[in-house]
Amino acid sequence: MSIHFNPRDITWLAFNERVLQEAMDEKVPLHLRIRFLGIFSNNLDEFFRVRVAGLKRAMDFKEKVIAESFYQPPSKILQRINEVVMRQQLNFDKTWKKIQTEMADHKVFIKNAKNLTANQKEFVRQYFDEVVESNVIPILLHENTPMPYLRDKSLYLGVAMRKKDWQYSSNYAIIEIPSRFVGRFVLLPTEDPEEKNVMLLEDVITFNLPHIFSYFGYDEFAANAFKVTKDAELDLDNDIRTNFAEKIEKGLKNRRKGKPTRFVFDKDMDKALLELLIRKLNLTKKDSIIPGGKIHNFKHFMDFPDVFEKYERPVERTSFTHQAFEHGERVTDVILKEDVLLTFPYHKYNPVIDLLREAAMDPDVKSIQITAYRLASSSKIINALIYAARNGKEVTVMLELQARFDEESNLEWKDMLEPEGITVLVGIPNKKVHAKLCVIKKRAHNKTIQYGFVSTGNFNEKTARIYGDHLLLTADRGIMADINKVFNVLKKPKDDFIPILKTCKNLLVCPQFMREKIVHHIDKEIEEAKAGRKAEIIVKVNSMSDRALIEKIYEAAKAGVVTRMIVRGIYCAVNQKEFREKIKAISIVDEYLEHARVMYFYNKGAEDMYISSADWMTRNLDYRIEAAAKITDKNLKKELKDILDIQLKDNVKARILDKKLSNEYVRNDKHECRSQIETYKYLKAKTSKK
């Protein structure tokens, strides 16, 4: 039987199309549809900065490496990417046009420089003069001058200027839109109090072009938006005289020099200016040169102003206190008695913060060790750790400096933590630390007590409001012992640290060991299926692209193992005819980002259940420090299994993952099940039973 795989990058585009489907769905509240357009745009920017750039670099690799990593030649994948992106862009533009029509029904209008009232014109002039002008510095473009540095995440106006008495020639300039300093959206005054008018910052600047260039005496202007997406690879040098943090800082500076991977522009841009920009950016027909509408950098629309009629947030979209903490007991006291599973964003994140605060103040606590990957901008986690250090606790923070696009902020956290006496670990060379672990150690009554938590997601109280994740609060001695082993490796990394991690008995740890145990579990299910007994696997991950594990799933399905998968994003498996009935795979895209990783193996009725930080991707399993915790409490196992079953029944927001990547919704005649709403109801019901 020939083995088939879908290319990782094409399946990622299929995921982003599911995000676009949410924007297209008229049942979704209007402000959320606008937000989904912003998410779609932001996702695509990152895709071009990382994946497309990587494919272009890979074109120089040897054929064997290419075959192992990409399943198809990069040139062929790049061609397919451009075709899919162009098609998606057309759907995006149609969706945005339709949404604007619906916005008008709500008396919300986006104004441009040509359709302002007299009062609004005066307001825009004054606003530009008082708020914007000091942040606007035009750069004149000439054929014989070098292209100025363009920021990767910024939006630009390309300006063509001429005088009426000039027959043909124009002068050109570019202006960076200072949305980082001013904000992208400007609310305009209106005569109708029920009407809301919003103006984009680039249109405010366009309206004021005669004032900006008054020195030159131009009387005709054409301004159109464009943006450049660059290669975001972080190249680190091998200079042994610099430490790892210094290498990261240098790499961030070098990232500025990344090659453009995509050029998106207003299709109405002055043709001569467009050609000049393409020449100066050294773009060719092989690059992604994409004409679009008037508005770019749509990611800002994730924060579109709250201008619609008051939206009554459904109760199912609110967070509540886990039943274990409803009566005001200290979090520490609760988890020393029993394991607690928090499921975000349904449960409030407060117990995690409270546990660290309690540890900071508890005179018996001696040390706290925690991993940090992506933190909230004003992190309450960090605040609690600083106060713990000030109270004399020994605090160790594993701060992953290579967390993509968080490198700069993590360097800033490092500079903040070290002066407080906190030990900051920066990981193992060539291995990202992606595990979500914390262990707190206290000494009381001549005994050492350890407790903490393991999570599927980042320790970030802001993203916990919108990311679906699980976090296990536990004092399980075996899990704590294994977390200590991980930190011992991080504190004193050796060349061959994998044998140390393999001694873990209660955590499955990457690299390698988790892969081995997953294969072991699948093999046991295969044995059971071949013996004619019940065999079942459920996997929930963000991405599934590891070739070896996909082949193992194929083998299991062929043997008769019932395999069900919930995969939010990348899904490289192809459900072939030989075992179509045995593999069922869906993707759920809804208001919350499905981010949890869960593994379930029937195991002769013992039902082994894990929550994990790792996706089924080669980079996670072989090149990162990851951890999966086995859930042993029978009530928590049932709770996790019930949530998985709810998600597998979703027939509202679930899409079928098939060979054609068609993103068809799951539709059947069963009772309507929107899993995120039903999960809320399921967990909320537990609070009333306590």
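This one's a predicted model, so the numbers in the text were calculated from it and none came from an experiment.
One finds no salt bridge joining Glu316 and Lys684 here, because no Lys/Arg side-chain nitrogen approaches an Asp/Glu carboxylate oxygen to under 4.0 Å. Salt-bridge check for Arg317 with Glu591: passed, with a basic side-chain N closer than 4.0 Å to an acidic carboxylate O. For the pair Arg533 and Glu528, the salt-bridge criterion is met [side-chain N within less than 4.0 Å of a carboxylate O]. Remark: Asp362 engages Lys442 in a salt bridge, criterion side-chain N to carboxylate O under 4.0 Å. We find that Lys641 and Asp645 are joined by a salt bridge, their nearest charged nitrogen and carboxylate oxygen being less than 4.0 Å apart.
Of all heavy-atom pairs spanning Lys348 and Ser319, the tightest one is CE-O, 3.5 Å. Pairing each heavy atom of Ile422 with each of Ala389, the nearest pair is CG1-CB, 3.6 Å.
Taking the ring centroids of Tyr680 and Phe320, they lie under the 6.0 Å cut-off. Aromatic ring centres of Tyr467 and Phe344 lie farther apart than the 6.0 Å criterion allows. Between His521 and Tyr602, the distance separating the two ring centers is not shorter than 6.0 angstrom.
Ring planes of Phe459 and Phe453: perpendicular class, angle over 60° (limits at 30 and 60°).
Panel note: side chain Ser379, backbone Ala376; no donor-acceptor pair is recorded below 3.5 Å.
For the pair Arg465 and Tyr349, the cation-pi test (distance below 6.0 Å, angle within 45°) is failed. Note that Arg390 lies in the cation-pi zone of Tyr387, set by a 6.0 Å cut-off to the ring centre and a 45° limit from the axis. Figure legend: Lys436 and Tyr373 shown as a cation-pi pair, the cationic atom lying under 6.0 angstrom from the six-membered ring centre and within 45 degrees of its axis.
Rounding to the nearest 0.5 Å gives a distance of 13.0 Å between CD of Glu527 and CD1 of Ile522. To the nearest 0.5 Å, atom CD1 of residue Ile538 and atom OG1 of residue Thr563 are 9.5 Å apart.
Shown here are the side-chain hydrogen bond (donor to acceptor under 3.5 Å, both in side chains) partners of Asp642, two or more places apart in sequence or in another chain: Lys638, Tyr682. When the side chain to side chain contact (heavy atoms under 4.5 Å, CB included) test is applied to Asn603, the partners found at least two apart in sequence or on another chain are Lys524, Glu525, Ala606, Asp608. Looking at residues two or more places apart in sequence or on another chain, you find a ring pair (Phe, Tyr, Trp, His ring centres under 6.0 Å) between Tyr592 and Tyr346.
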>> Does Glu338 form a side chain to side chain donor-acceptor pair (under 3.5 Å) with Asn635? I'd like the steps, not just the answer.
In response: CA-CA 11 Å; Glu338 62 177 342; Asn635 292 324; over 6 Å; no

> After noting the C-alpha distance and the side-chain angles of Gln676 and Glu594, does the key distance pass the side chain to side chain donor-acceptor pair (under 3.5 Å) rule?
Replying inline: CA-CA 9 Å; Gln676 290 187 357; Glu594 294 291 340; 2.9 Å; yes

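Heavy atoms of other residues, nucleotides or ligands lying less than 6.0 angstrom from NZ of Lys649 number 12 at most.
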